[in-house]
Amino acid sequence: MIDIRLLRNDFKSVKKAISRRGEDTDSLDLIIGLDEKQRSIAEKRDQLRNEIKELSRRVGDLHKSGKTDEASPLQESSREMREKEEALSEECDQLSTEIRELLLRVPNIPAEECPNGESAEDNVVVRVEGQSDEAWENYQRVPHWEIGETLGILDVERATKLSGAMFAMYTGLGATLCRALIQYGLDRNADAYREIRPPTLVLTETMVSTGHLPKFADDAYHLERDDLWAIPTAEVPLTSYARDEIISESELPMKLMSHTSCFRREAGSAGRDTRGLLRVHEFDKVELLAYATPEQAQEVHEDILSRAESAIADLGLSYRILDLCSGDLGNSSARTFDIEVYAPGAEQWLEVSSVSWFSDYQARRANVRYRSEEAKGTSVVHTLNGSGLAVPRVWAAIVETYRQEDGSIRIPDPLLPYMQGVKSIN
RNA sequence: GGAGAGGUGGCUGAGUCAGGUUGAAGGCGCUCCCCUGCUAAGGGAGUAAGGGCUUAAUAGCUCUUCGAGGGUUCGAAUCCCUCCCUCUCCGCCA
C-alpha cells in the first residue's frame, strides 16, 4: 500500500509514476477526494467527542457533590451530541473503508531506475550467460517431459490422474533430484539467511499483506470452509513473520529463507505452457526474504540477486537476467530483476526467480516497522525477496542441459553431495 | 470436540463483583543525569503506538487503542451479548 500522505503532498508525481505501469489512475483522483472529505468529517467528530468527554466529567463531579438535579440538563445535551457524533462517525468509517479498499488496489510506485516499457517485450536484458542457441547438441534438444517419461523420473500422466491437469509427480531418482535441489538451495544461503519452515495455509490478512489479495484472489487456492489460503510463495508467510512488530534497527537487515510448497491456480494461463513442468499448480521453492532499512535496501537487493544468480550459474545452466520494465513489473514491486534459465529441449527461457524490492509497500500493509537509532519514532521497513531456487523449472533445465548422447543424465557437481552417490540417471 | 482459567503498555503485573482526570499503580528492562578509584550498589528524571489539526522548526492541541465486534450509560479496561485466541484437564490424533 502506498502512503496516502504521499498522495496528498505530491499527487502529480504519484499519478505520473503509477501511470508508467500503464495502469488506469482514476482511482487516485477518487481517493484524494474521499480522503479530504474523510478528514474534515473526522475533525468535526473529534471535536464533538471532546465536548462529550468534558460534559461527562462535569456530570461526574456534580453527582459526587450531590447536585444530581443540575446534572440532568447536561446529560440531555450530551445525549444530543452523541447522536450527532454517531452519525458523523458512521460516515467517517464508511469513507475510511472505501479509501482503504481503493488504496489496497493501487500498485506500488516503480523505482526511478525501473526502465520504461509497456510489456514483457520491453524488459531490459541485463546479461546473458552460457551457451548461445546454436551451440546445443541434438541430444540436448529433447524436452524434459519426454526424458522424464523414458527414464521413469517424471510421471505427469499419473499426477493428472490424482490431481488433474498441470500437476507433476517426480518418481525415483527424479524425486531424489528434486530433494537435492531443495537442500542445495537452502545450504548455500545458510551462512546469512535464517531458515524458517512456515505454515503453507494462511489467513486472509496474511495474503493481503504481500499484495496477493484483494486484487489477485483468482490466482490463489482458497479453502472456503476454514477461510484459509494456500500460499503461492513463501514470500507470503515470511512477509508476515514480523507483522505488527517493531524491529530494532540493530536487527536489520533481517534475512530469512524458507523451503515450502507453493500453490498457484494459474487462472489466466489455461492452455499455456501446459507441457511437463513449465507451469504447474503446485511446486517446491526455496525463497529468500529480507526486512531492511531504506538505506540498506539496495545492497540487500543485490545480495539476493547475486545469490539467486550464482545458484543457477553454479549448476552450469544457461540463463539471462532481465530488468523488468514498468509495464511488466509486479503489482507490489518497485524494481524487479528476473532470472530466466534456458531449457534447450523445451526451447524456452523459463523464469526461475523474480528478485524484487517492494520498498515499504508490503511492510505498510503488514505494519512492520523499525525503531531508528537517531530519528525518533518508528518507520516502515522495506521488504525484498527472490527465489533462491524454484525446483520444477530448474529440474527441467538440468535434465535437458545435462542429457548425454546415450540418453542418460549427468548430475551436476554441486548436487552430488545430495544424491546418495548417484552420478548419473540412466 | 467437552470442561475450566485467562487475554491490560517492550516484558511482568494491579485495576474488573461498589463504572467517573486510569492511557492505565508497582516491578523489570531501557535512556539520560547525580553519586562513585573501576565495577557493583544507591539517588533523581524520563520511557506505548497510531491518526488529525496548528507550527519554519522545537513543540502544542486533539482523537483512537486495555483480544475483536456490538450493546447499556452523561461517562466503560471495569456491566451485558457475540466471536476469536492462549493455557490447563479430558477425548481424538501424525
Side-chain angles (χ1 to χ4, degrees), chain A residues 1-9 11 31-104 197 199-209 223-229 237 240-252 254 261 291 360 363-381:
Chain A
M1 189 159 60
I2 63 166
D3 188 350
I4 193 159
R5 279 168 293 199
L6 217 59
L7 213 55
R8 283 178 205 151
N9 298 337
F11 183 74
I31 289 169
I32 201 77
L34 291 172
D35 176 56
E36 206 166 312
K37 202 166 154 195
Q38 191 272 134
R39 276 183 296 151
S40 100
I41 292 170
E43 217 179 321
K44 284 183 205 142
R45 178 201 60 190
D46 288 353
Q47 177 66 30
L48 270 174
R49 282 179 178 174
N50 182 238
E51 285 167 27
I52 292 168
K53 272 188 173 179
E54 202 72 48
L55 276 179
S56 301
R57 215 166 296 153
R58 276 160 57 197
V59 169
D61 290 343
L62 287 170
H63 276 295
K64 257 188 242 166
S65 50
K67 299 173 188 163
T68 317
D69 49 324
E70 287 178 38
S72 20
L74 296 186
Q75 284 172 233
E76 181 54 37
S77 74
S78 180
R79 251 194 298 271
E80 281 166 25
M81 282 190 203
R82 178 61 78 189
E83 265 175 51
K84 278 187 220 158
E85 188 273 337
E86 272 168 6
L88 287 175
S89 245
E90 199 182 325
E91 200 178 343
C92 192
D93 291 350
Q94 265 174 21
L95 284 167
S96 300
T97 308
E98 211 175 323
I99 290 165
R100 186 176 163 79
E101 276 167 8
L102 287 166
L103 210 54
L104 279 174
R197 175 53 243 208
T200 38
L201 296 178
V202 299
L203 301 170
T204 298
E205 181 58 29
T206 308
M207 290 282 280
V208 170
S209 291
L223 283 75
E224 207 169 320
R225 199 164 136 121
D226 298 290
D227 195 15
L228 289 168
W229 300 81
S240 282
Y241 176 86
R243 191 165 76 218
D244 295 319
E245 292 184 24
I246 299 170
I247 304 170
S248 83
E249 189 172 351
S250 59
E251 287 179 75
L252 298 173
M254 190 187 283
S261 295
Y291 299 101
D360 59 7
R364 180 167 294 103
R365 289 168 169 243
N367 192 26
V368 182
R369 292 161 294 166
Y370 72 100
R371 212 180 292 282
S372 153
E373 262 142 34
E374 59 268 19
K376 57 176 156 185
T378 59
S379 321
V380 180
V381 303

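Naming: A, B, ... by sequence-line order, numbering from 1 per chain. The analysis underlying the following values was restricted to heavy atoms, covering all of them including side chains, and did not include hydrogens, waters or symmetry mates.
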Whole angstrom is fine here: how far is it from [atom1] in [X] over to [atom2] in [N]?
| X | N | atom1 | atom2 | answer |
| --- | --- | --- | --- | --- |
| N9(A) | rC53(B) | CG | P | 10 Å |
| E205(A) | rA68(B) | CD | P | 14 Å |
| D244(A) | rA49(B) | CG | P | 15 Å |
| D3(A) | rG50(B) | CG | C1' | 13 Å |
| R58(A) | rU73(B) | CZ | P | 21 Å |
| E86(A) | rG70(B) | CD | P | 11 Å |
| K37(A) | rG52(B) | NZ | P | 19 Å |
| K44(A) | rC53(B) | NZ | C1' | 14 Å |

How far does the [atom1] atom of [N] sit from the matching atom of [M], given to the nearest Å?
| N | M | atom1 | value |
| --- | --- | --- | --- |
| rC28(B) | rG43(B) | P | 10 Å |
| rC66(B) | rA24(B) | P | 14 Å |
| rU78(B) | rA68(B) | P | 11 Å |
| rA76(B) | rU22(B) | C1' | 12 Å |
| rU47(B) | rU55(B) | C1' | 26 Å |
| rG20(B) | rA77(B) | C1' | 13 Å |
| rG29(B) | rA18(B) | C1' | 36 Å |
| rU62(B) | rG67(B) | C1' | 27 Å |

Could you tell me the Watson-Crick or G-U partner of [N], where both distances fall under 3.5 Å? Say none if there is no partner.
| N | answer |
| --- | --- |
| rA3(B) | rU88(B) |
| rA14(B) | none |
| rU47(B) | rG29(B) |

N/O (side chain, [X]) to phosphate O (OP1/OP2, [N]) under 4.0 Å:
| X | N | result |
| --- | --- | --- |
| K53(A) | rU64(B) | yes |
| N50(A) | rU62(B) | no |
| R49(A) | rG75(B) | no |
| R5(A) | rG51(B) | yes |
| R45(A) | rU64(B) | no |
| S77(A) | rC74(B) | no |

May I ask you to say whether E85(A) pairs ionically with R45(A), meaning some side-chain N is under 4.0 Å from a carboxylate O?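 Looking at R45(A) together with E85(A), the answer is no, because their closest N to O distance does not fall below 4.0 Å.
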
Pick one for rA18(B): is it syn, with its angle within 90° of 0, or anti?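 With its glycosidic angle within 90° of zero, rA18(B) counts as syn.
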
Heavy-atom check, side chain of V368(A) versus side chain of Y291(A), under 4.5 Å: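 Side-chain contact under 4.5 Å: yes.
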
Could you check whether any side-chain heavy atom of V202(A) comes within less than 4.5 Å of a side-chain heavy atom of M207(A), counting everything from C-beta outward?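 Counting from C-beta outward, V202(A) and M207(A) do come under 4.5 Å.
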
By nearest heavy atom, map Q75(A) and R39(A) onto RNA chain B; which one lands nearer the 5' end?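 It is R39(A) whose nearest nucleotide is closer to the 5' end.
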
Let me know, please, whether L74(A) or E51(A) comes out on the 5' side of the other along RNA chain B by nearest nucleotide.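 Its nucleotide being nearer the 5' end, the pick is E51(A).
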
Which nucleotide in the list [options] gets nearest to the side chain of [X]?
| X | options | result |
| --- | --- | --- |
| I52(A) | rA49(B), rG75(B), rG20(B) | rG75(B) |
| D46(A) | rG52(B), rC74(B), rG51(B) | rG51(B) |
| V59(A) | rG52(B), rG50(B), rC74(B) | rC74(B) |

Atom pairs and distances, donor-acceptor, side-chain atoms in residues 31-38 of chain A, under 3.5 Å, two or more places apart:
from	atom 1	to	atom 2	distance (Å)
D35(A)	OD1	R8(A)	NH2	3.1
D35(A)	OD2	R8(A)	NE	2.6
D35(A)	OD2	R39(A)	NE	3.4
D35(A)	OD2	R39(A)	NH2	3.4

Identify the heavy atoms of Y370(A) and V381(A) that sit nearest to each other, and give their distance.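 That closest heavy-atom pairing would be CD2-CG1, 3.6 Å.
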
Heavy atoms only, 4.0 Å cut-off, all strands: where does [X] land among base, sugar-phosphate and nothing?
| X | value |
| --- | --- |
| S56(A) | base |
| R57(A) | nothing |
| R369(A) | sugar-phosphate |

Before giving the answer on side chain to side chain donor-acceptor pair (under 3.5 Å), spell out for H63(A) and E70(A) the whole-Å C-alpha distance, their side-chain angles and the decisive distance to 0.1 Å. CA-CA 9 Å; H63(A) 276 295; E70(A) 287 178 38; over 6 Å; no

Between S89(A) and R49(A), a side-chain donor and acceptor under 3.5 Å: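 Yes, side-chain donor-acceptor contact under 3.5 Å.
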
